[in-house]
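Sharing a structure here in structure tokens format.
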Amino acid sequence: MTAQVLSRPKVLLAGEGETSKMLSHTFTKKVDAAETNGDWVMVEVTDVAGFGAPLHTHPWYEVFYILEGELELQVGNRKVQATAGSTLYVPENCAHDFTIVSPSVRFLVMIPAYAEAFYRETSEKITSLPPNAEVFQEICIKHGVQLIQK
């Protein structure tokens, strides 16, 4: 096995990184696609109780790692409570949702680099809550995101 040496090491402390808003979430980019040869991106997400994401699918995987707080997640038919230290892998096209059940939450999300376009476009075009349903649906269709009615 050959050891890999990072040519551009990067250290970001809590709260550091490029920040954007997507719906109610604050995203802080921790690892950019350029740093992973275009493979993946990692963002830190913060939000408060009651917010989350509706039941949906998309053609990319997601990995969640809970740093602080608690999420209630549904992945497929399984419901779980995820607290600090929990890791959750959501495969491609798997129905999932989450709700923040603690006063606030902070977690990391890792996604393939190509999926970042959905989050970027949503944050640029949806600037107030509740979101304009027509605009949000157009963005979802463009990126292969399907919202599922419960």
Side-chain angles (χ1 to χ4, degrees), residues 1-48 51-69 71-80 82 85-100 105-150:
M1 183 187 309
T2 306
Q4 184 177 8
V5 178
L6 295 175
S7 59
R8 298 179 314 251
K10 177 178 180 180
V11 177
L12 290 175
L13 302 176
E16 291 183 330
E18 176 188 328
T19 317
S20 62
K21 288 286 278 186
M22 184 188 140
L23 303 173
S24 65
H25 312 316
T26 299
F27 283 11
T28 304
K29 191 178 294 186
K30 295 298 185 178
V31 180
D32 191 272
E35 298 161 325
T36 65
N37 295 318
D39 287 340
W40 54 275
V41 173
M42 183 171 35
V43 296
E44 180 180 281
V45 180
T46 58
D47 209 336
V48 295
F51 288 102
L55 190 62
H56 65 285
T57 64
H58 43 65
W60 58 85
Y61 68 85
E62 290 178 311
V63 179
F64 293 80
Y65 180 77
I66 312 305
L67 297 166
E68 298 172 0
L71 297 176
E72 180 178 277
L73 298 113
Q74 178 177 334
V75 180
N77 293 324
R78 185 173 177 201
K79 286 197 176 209
V80 296
S86 298
T87 301
L88 179 74
Y89 171 74
V90 179
E92 304 86 342
N93 300 307
C94 180
H96 62 287
D97 69 9
F98 69 87
T99 302
I100 300 161
V105 71
R106 187 167 69 96
F107 58 96
L108 298 173
V109 177
M110 188 176 83
I111 56 173
Y114 71 85
E116 185 181 17
F118 167 75
Y119 300 96
R120 186 179 323 105
E121 186 171 352
T122 302
S123 68
E124 290 169 359
K125 293 184 177 177
I126 306 287
T127 56
S128 62
L129 293 175
N132 178 308
E134 252 181 59
V135 172
F136 189 53
Q137 186 64 27
E138 287 174 13
I139 296 167
C140 289
I141 290 168
K142 178 179 176 181
H143 295 280
V145 175
Q146 183 178 6
L147 302 175
I148 300 168
Q149 298 296 321
K150 283 189 176 182

One should read off an interatomic distance between Gln74 CD and Asp97 CG, to the nearest 0.5 angstrom, of 5.0 Å

Testing the basics here: between Thr36 and Trp40, what is the closest heavy-atom pair and its distance to 0.1 Å?
OG1-O, 2.7 Å

Distance in Å, Lys21 NZ paired with Glu124 CD, rounded so as to fall on 0.5 Å steps
16.0 Å

Between the side chain of His56 and the main-chain N/O of His96, is any donor-acceptor distance below 3.5 Å?
yes

Sub-4.5 Å side-chain heavy-atom contact between Lys30 and Glu35:
no

Which value, rounded to the nearest 0.5 Å, describes the distance between Asp47 atom CG and Phe98 atom CZ?
7.5 Å

Taking all non-hydrogen atoms of both residues, which atom of Val41 and which atom of Ala113 are closest, and how far apart?
CG2-CA, 3.8 Å

Parallel, tilted or perpendicular for Tyr114 and Trp60, by the 30°/60° rule?
perpendicular

Can you tell me if Glu121 uses its side chain to pair, donor with acceptor, with the backbone of Ser123 under 3.5 Å?
no

Rounded distance [0.5 Å steps], CG in Leu108 versus CD in Glu44
6.0 Å

Compare all side-chain heavy atoms of Leu147 with those of Phe136 and state whether any distance is below 4.5 angstrom.
yes

Taking all non-hydrogen atoms of both residues, which atom of Ala82 and which atom of Ile66 are closest, and how far apart?
CB-CG1, 3.8 Å

Are any non-hydrogen side-chain atoms of Thr87 and Tyr89 less than 4.5 angstrom apart?
no

Is there a side-chain contact between Leu23 and Ile126 in this structure, where contact means two heavy atoms from C-beta onward sitting under 4.5 Å apart?
yes

Under the side chain to side chain contact (heavy atoms under 4.5 Å, CB included) rule, what do Ile100 and Val48 come out as? Steps first, then yes or no, please.
CA-CA 7 Å; Ile100 300 161; Val48 295; 5.9 Å; no

With a 4.5 Å heavy-atom cut-off, do Tyr119 and Ile111 have their side chains touching?
yes

About how many Å separate CZ of Phe27 and CE of Met42, when rounded to the nearest 0.5 Å?
13.5 Å

Side chain Asn37, main chain Asp39, donor-acceptor under 3.5 Å
no

Is Glu116 paired with Lys29 through a side-chain N to carboxylate O contact shorter than 4.0 Å?
yes

So, do Pro59 and Asn93 sit near enough that their side-chain heavy atoms are less than 4.5 Å apart?
yes

Heavy-atom side-chain contact between Met110 and Glu62 under 4.5 Å
no

Rounded distance [0.5 Å steps], CZ in Arg78 versus CG in Leu88
8.5 Å

If you look at every heavy atom in Glu68 and Val105, which pair is closest and at what distance?
O-CG2, 3.2 Å

